[in-house]
Enquirer: 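Before I ask anything, here is the structure I am working with.
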Amino acid sequence: MIIDEERKKYCEIKDKLVSYRQHLEDEKELIDKVKDNDIQYMLQEINARQIYQYEKNKLRPYFAKIIFCKDDQIEPEIVYIGRIGFANLDDDIIIDWRAPISDLYYNSRLGSASYKTEENFVISGELTLKRQINFENGEIISVYDLDNSISGDEFLQPYLNASADNRLKNIIATIQEEQDKIIRMPLGDNLIVQGVAGSGKTTVALHRLSYLIYNNRKSIKPDKYFIISPNMIFKSYISSLLEELDADQVNSSSMEDIINVFINKEYRILNKHEMHDILEQKGENDDFLRFKGSEEFVQVIDKFIEDYEKEFSCQDFLVKGIKILDKSVLYDKYIHNKKSTIENSVFVWANAMDSFVKDNEEIEEHIKNLYVTDKISFNQKIEIERELQKSIKGKIFKFYKKKSLMELYKKCINQIERYTDYKYSKILKKYTLDNLNKNIISYDDIGALIYLYTKVFNQNEFEDIKLVAIDEAQDLSFLTFKALKELFKQANFSIFGDMAQGIYGYQSINKWSEIASIYDSPKFLHLNKSYRTTIEITSFANETLKKMDYQLADNVIRHGEKVRQIETMQVKDMILQEIEQSKKKGFKSCAVICKDKNELYKANELLKGIVKMQEENDSDYDDNQTVLLTLESAKGLEFDFVIIYDSGSYEDNLLDNKRYYVAQTRALHELVIINQKK
């Protein structure tokens, strides 16, 4: 049998892996004897990471096997594919899933096939075997040969039926062709990926980072990649995935983390929905939240910056109280020497002015005329001429009175009517300044603050980042995308999201085409197949998509329980009963999802001691427990079993339909919807 053959072969490979581990220990001893401290430290880091990766993957050193015979060779090449590659195994080759030849496993059918090397050479030949090998606790438990006649759905069945934590462990083995295409796109491409719920957007984003790290390892360090997460729960959730993918050195931040780099810590940041909720409770118009993220507001900030520059650069140049140069000359020099930031511009401007006044015949003639017309004395003339021969850079620098980011933003908001005729300017000014004066920043201010920072200050924190991946990107505004592009000046962007899950539509973009102009010819890609949910759950959620007139999701042919809708007044007893039943079925992760924070706190009072409440900024996240959370916090996550706390709280409008859709599509295997009888 094939499985016996592979088990026998694994015994041989296992012995070689033990020798490989010993080799790392021997190498460690040699490194300890290196005299150069810098070189020793670098080698120690490499060796420690190799040992760490070995220990992490030794019980499952590979997951696939291919046999490929190159056109110019007689003997076929037998290659095993693992999460990482192992060297020094003699004739047996275990290569990294990110290596070029691994592309044969993910994207080629049996028969004539080819792949590109790192040097971009095409290697052609015959692919005669694609085999999946599944391990459990260091033993091979199943072997599966992939035939051209076997559908992807059939191949995925055993993995998709697994619990959430086991699915994560098997992600690399189950990457599909349309996902792999995005993962392996060149670093220089800007991507915008629209994917339905459960299509693997987060999976693809993280694997793309891992793939690019591996294939650009000679030129780009892992910390030059950046991923932006929607909240702290999601950030915690993906941290374990990044570690699994050998990509844990990637920078991972939320938008709140980024803005905290530039502001004083005493400012409290309102979560995405908070300002909207405050306005809703007061019966105020919330249209200004969208305006503050719009292209028009970019123009407001740009006009404010122009005025601010004119304010300090358009001034007469005086020496000893005597006007030497008219303000128009200084302003023209500033504009002529303008750079990407005000601080850079001021530095270049000061140097340019210093050169300009030295041995300037017009200035000499002007001073002479002042003396001849008795406007200055001879002693004043000598003092002015002597002063001009010194460096005047210090005098020019004094024109620019540096203000903090928050001072500038307050000034911009306070003068907003000068730069726009937007009809809700007054209410925008009122609520924004009220917040800022209380040391509060609303989420809709973050994009504007970052953009303003990039235009005024010299910043080095993010200038070397080469790629930025953004997940749940549909929730960001035009201005935020613009600001991030300015902040990560050298980076290309991989943007992932789903417009049907845009639950912050009152302050975010409505379609991907709105941001196309920000990037250099972005490639638009689609993931339309849901791998997360069963047919029953997908069909149910598709009814909500129909209401919103979005493209319906396809899904893998995987059946499960029907979506159950329960009308009850005994909410606590019903939820307790459902959770107990889910545990008996072997489900490890369970979520009770609430519409908003108000509902969350009410549910927490009811369910204390039964489930753990998980708030949005809570980074202590464990995906093997029962949690109570809002749909905002649940976005991007998945659970074996989901209970929607109260379907009656969702109204029939676009925003609530999007919220309801997000809640419906968090479940892998079973979804229960409670309608609380009033």
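Remember, predicted model here, so these are calculated numbers, not experimental data.
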Enquirer: Just by distance, do the side chain of N542 and the backbone of L545 share a donor-acceptor pair under 3.5 Å?
Expert: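 Not at all, since once roles are kept as given, no pair shorter than 3.5 Å links the two residues.
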Enquirer: For a side-chain contact (heavy atoms from CB on, under 4.5 Å) check, start with the C-alpha distance between I269 and N260, then their side-chain angles and the critical distance, and finish with the verdict.
Expert: CA-CA 9 Å; I269 300 173; N260 275 326; 3.8 Å; yes
Enquirer: Between E178 and K181, does at least one N-O distance fall below 4.0 Å, as a salt bridge requires?
Expert: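 No.
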Enquirer: I'd like to know whether E543 forms a salt bridge (Lys or Arg N to Asp or Glu O under 4.0 Å) with K546, so could you lay out the CA-CA distance, the side-chain angles of the two residues, the decisive distance to 0.1 Å, and finally the verdict.
Expert: CA-CA 5 Å; E543 292 302 313; K546 283 180 188 176; 3.1 Å; yes
Enquirer: Could you state the interatomic distance from CG (N437) to CE (M406), rounded to the nearest 0.5 Å?
Expert: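 Nearest 0.5 Å value for the CG-CE distance: 9.5 Å.
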Enquirer: Under 3.5 Å, is there a donor on one side chain and an acceptor on the other for Y409 and D445?
Expert: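 The criterion, which ignores hydrogens and geometry beyond distance, is satisfied for D445 and Y409.
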Enquirer: If we ignore angles and hydrogens, is there a donor and acceptor under 3.5 Å between the side chains of S477 and K482?
Expert: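 Looking only at side-chain atoms, K482 and S477 do not form any donor-acceptor pair under 3.5 Å.
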Enquirer: Under a 4.0 Å threshold between the charged nitrogen and the carboxylate oxygen, would K438 count as salt-bridged to D434?
Expert: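 K438 and D434: not salt-bridged.
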Enquirer: L59 and P61: which non-hydrogen atoms are nearest, and at how many Å?
Expert: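 For L59 versus P61, the nearest heavy atoms are C-CD, 3.7 Å.
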Enquirer: For S647, which residues count as a side chain to side chain donor-acceptor pair (under 3.5 Å) partner, sequence neighbours excluded?
Expert: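 S647 satisfies side chain to side chain donor-acceptor pair (under 3.5 Å) with no other residue.
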Enquirer: For residues S229 and S252, report the shortest heavy-atom separation together with the two atoms involved.
Expert: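 Closest pair (atom of S229, atom of S252, distance): OG-OG, 3.9 Å.
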Enquirer: With sequence neighbours excluded, tell me which residues meet ring-ring contact (aromatic ring centres under 6.0 Å, His included) with F288.
Expert: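 F288 satisfies ring-ring contact (aromatic ring centres under 6.0 Å, His included) with no other residue.
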Enquirer: Consider only side-chain N and O atoms of N657 and T544, and report whether a donor and an acceptor are under 3.5 Å apart.
Expert: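 No donor-acceptor contact under 3.5 Å links the two side chains.
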Enquirer: Let me confirm one number: the CG-CG distance from L436 to L433, rounded to the nearest 0.5 Å.
Expert: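 Taking CG in L436 and CG in L433, the distance rounds to 6.0 Å.
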Enquirer: Just verifying a value: how many Å separate Y225 OH and I465 CD1, rounded to the nearest 0.5 Å?
Expert: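 Here the interatomic distance stands at 10.5 Å.
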Enquirer: Hey, can you tell me if F587 and F641 have their rings parallel, tilted or perpendicular (30° and 60° cut-offs)?
Expert: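 Ring orientation of F587 relative to F641: parallel.
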Enquirer: How close do R83 and W97 get, counting heavy atoms only, and between which atoms?
Expert: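 So the minimum-distance heavy-atom pair works out to O-CD1, 3.3 Å.
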Enquirer: Ring centroids only, cut at 6.0 angstrom: are F488 and F226 within range, meaning strictly under it?
Expert: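 Close enough - the centres of the two rings lie under 6.0 Å apart.
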Enquirer: Are more than 12 heavy atoms, taken from residues, nucleotides or ligands other than K56, located less than 6.0 Å from that residue's NZ atom?
Expert: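 Atom NZ in K56 is packed in, count exceeds 12.
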Enquirer: What distance do R659 atom CZ and I644 atom CD1 have between them, rounded to the nearest 0.5 Å?
Expert: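 With rounding to 0.5 Å, CZ (R659) is 13.5 Å from CD1 (I644).
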Enquirer: Could you check whether R558 and H669, counting side-chain N and O atoms only, form a donor-acceptor pair closer than 3.5 Å?
Expert: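 There is such a pair between these side chains.
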Enquirer: List the residues meeting salt bridge (charged side-chain N to carboxylate O under 4.0 Å, His left out) with E578, not counting sequence neighbours, and say none if there are none.
Expert: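 If we apply the salt bridge (charged side-chain N to carboxylate O under 4.0 Å, His left out) test to E578, skipping adjacent residues, the hits are R564.
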Enquirer: Any donor-acceptor pair under 3.5 Å linking the side chain of E55 with the backbone of Y52?
Expert: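 Between the backbone of Y52 and the side chain of E55 there is no qualifying donor-acceptor contact (under 3.5 Å).
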Enquirer: side-chain contact (heavy atoms from CB on, under 4.5 Å) between I593 and I643: does it pass, once the steps are laid out?
Expert: CA-CA 6 Å; I593 297 179; I643 299 171; over 6 Å; no
Enquirer: Apply side-chain contact (heavy atoms from CB on, under 4.5 Å) to residues I509 and L476 and explain how you reach the verdict.
Expert: CA-CA 7 Å; I509 58 171; L476 302 183; over 6 Å; no
Enquirer: Are D444 and K272 close enough for a salt bridge, meaning some N to O gap below 4.0 Å?
Expert: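 No.
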Enquirer: Are E536 and K562 close enough, and set up right, to give a salt bridge (Lys or Arg N to Asp or Glu O under 4.0 Å), and what steps lead you there?
Expert: CA-CA 6 Å; E536 288 73 17; K562 284 185 177 180; over 6 Å; no
Enquirer: Does any N or O in the side chain of S236 come within less than 3.5 Å of the main-chain N or O of M232, such that one atom is a donor and the other an acceptor?
Expert: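 A pair under 3.5 Å: no.
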Enquirer: Would you call E472-K635 a salt bridge at under 4.0 Å N-O?
Expert: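 Salt bridge between E472 and K635, a charged N being under 4.0 Å from a carboxylate O: yes.
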Enquirer: My understanding is that only residues two or more places apart in sequence, or in another chain, count here; which of them pass salt bridge (charged side-chain N to carboxylate O under 4.0 Å, His left out) with K547?
Expert: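 Only D652 meet the salt bridge (charged side-chain N to carboxylate O under 4.0 Å, His left out) criterion with K547.
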Enquirer: Any side-chain to backbone donor/acceptor pair from T665 onto Y661? Under 3.5 Å, distance only.
Expert: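 Yes; at least one donor-acceptor contact below 3.5 Å.
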Enquirer: Of all the heavy-atom pairs spanning Q474 and G497, show the shortest one and how long it is.
Expert: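 Closest approach of Q474 to G497, heavy atoms only: OE1-CA, 3.1 Å.
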Enquirer: Classify the side-chain pair R98/S210 by whether it contains a donor and acceptor separated by less than 3.5 Å.
Expert: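 Short answer, yes.
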Enquirer: Does any pair with a residue in residues 243-266 pass ring-ring contact (aromatic ring centres under 6.0 Å, His included), and if so which ones, sequence neighbours excluded?
Expert: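 Qualifying pairs: F262-Y453.
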Enquirer: Return the set of residues passing side chain to side chain donor-acceptor pair (under 3.5 Å) with E274 (not counting sequence neighbours), or none when no residue passes.
Expert: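 With neighbours one apart ignored, the set is empty.
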Enquirer: Write down the atom of F297, the atom of F291, and the distance for their closest heavy-atom approach.
Expert: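 Heavy atoms only, the tightest pair is CB-O, 3.1 Å.
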Enquirer: Mark yes or no for whether R208, through its side chain, and M185, through its backbone, hold a donor-acceptor pair below 3.5 Å.
Expert: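 Answer holds: yes.
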Enquirer: Please report the interatomic distance CG(N57) to CD1(I84), rounded to the nearest 0.5 Å.
Expert: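 With rounding to 0.5 Å, CG (N57) is 4.5 Å from CD1 (I84).
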Enquirer: Holding to salt bridge (charged side-chain N to carboxylate O under 4.0 Å, His left out), I want the full list of residues that pass it with R666, two or more places apart in sequence or in another chain.
Expert: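 If we apply the salt bridge (charged side-chain N to carboxylate O under 4.0 Å, His left out) test to R666, skipping adjacent residues, there are no hits.
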Enquirer: Under the side chain to side chain donor-acceptor pair (under 3.5 Å) rule, collect the residues that match up with S539, sequence neighbours excluded.
Expert: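 Testing S539 for side chain to side chain donor-acceptor pair (under 3.5 Å), a comparison that skips the adjacent residues, returns none.
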Enquirer: Can you sort out the partners of K658 under salt bridge (charged side-chain N to carboxylate O under 4.0 Å, His left out), two or more places apart, ordered by chain and number?
Expert: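 Partners of K658 under the salt bridge (charged side-chain N to carboxylate O under 4.0 Å, His left out) test: none.
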Enquirer: Give a yes or no on whether the backbone of S199 and the side-chain of S530 come within a donor-acceptor separation of less than 3.5 Å.
Expert: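 Side chain of S530 to backbone of S199, a donor-acceptor pair under 3.5 Å: no, none is there.
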Enquirer: My understanding is that only residues two or more places apart in sequence, or in another chain, count here; which of them pass side chain to side chain donor-acceptor pair (under 3.5 Å) with D498?
Expert: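 Expected list: Q194, Q501.
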Enquirer: For L279 and N285, work out which heavy atoms get closest and say how close.
Expert: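 Result for this residue pair: CD1-O, 4.3 Å.
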Enquirer: State whether R49 and D248 are salt-bridged, where the test is any N-O pair (Lys NZ or Arg NE/NH1/NH2 against Asp/Glu carboxylate O) under 4.0 Å.
Expert: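 So R49 pairs with D248 through a salt bridge.
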Enquirer: For D246 and Q53, which I'm curious about, is there any donor-acceptor pair between the side chains at under 3.5 Å?
Expert: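 There is such a pair between these side chains.
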Enquirer: Inspect the contact between K585 and E670 and indicate whether a charged nitrogen and a carboxylate oxygen are less than 4.0 angstrom apart.
Expert: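 Here E670 pairs with K585 in a salt bridge, since their nearest N and O are under 4.0 Å apart.
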Enquirer: Going by ring-ring contact (aromatic ring centres under 6.0 Å, His included), name the residues that satisfy it together with Y506, two or more places apart in sequence or in a different chain.
Expert: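 Expected list: H273, H276.
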Enquirer: Establish, from distance only, whether the side-chain atoms of T202 and D471 form a donor-acceptor pair under 3.5 Å.
Expert: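 Side chains of T202 and D471: pair found under 3.5 Å.
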Enquirer: Strictly distance-based, threshold 3.5 Å: is any side-chain N or O of E580 a donor or acceptor partner for the main-chain N or O of Q577?
Expert: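 Checked: no pair found.
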Enquirer: Using 0.5 Å steps for rounding, measure from the OG atom of S494 to the CD1 atom of I192.
Expert: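 Reported value, rounded in 0.5 Å steps: 10.5 Å.
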Enquirer: So which pairs with a foot in residues 431-451 pass ring-ring contact (aromatic ring centres under 6.0 Å, His included), sequence neighbours left out?
Expert: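 Sorted result for residues 431-451: empty, none.
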Enquirer: Return yes if some donor-acceptor pair links the side-chain N/O of N604 with the main-chain N/O of L600 below 3.5 Å, else return no.
Expert: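 Checked: no pair found.
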Enquirer: Test your reading of the model: is there a side-chain donor-acceptor pair from Q249 to the backbone of K224, 3.5 Å cut-off?
Expert: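 Absent.
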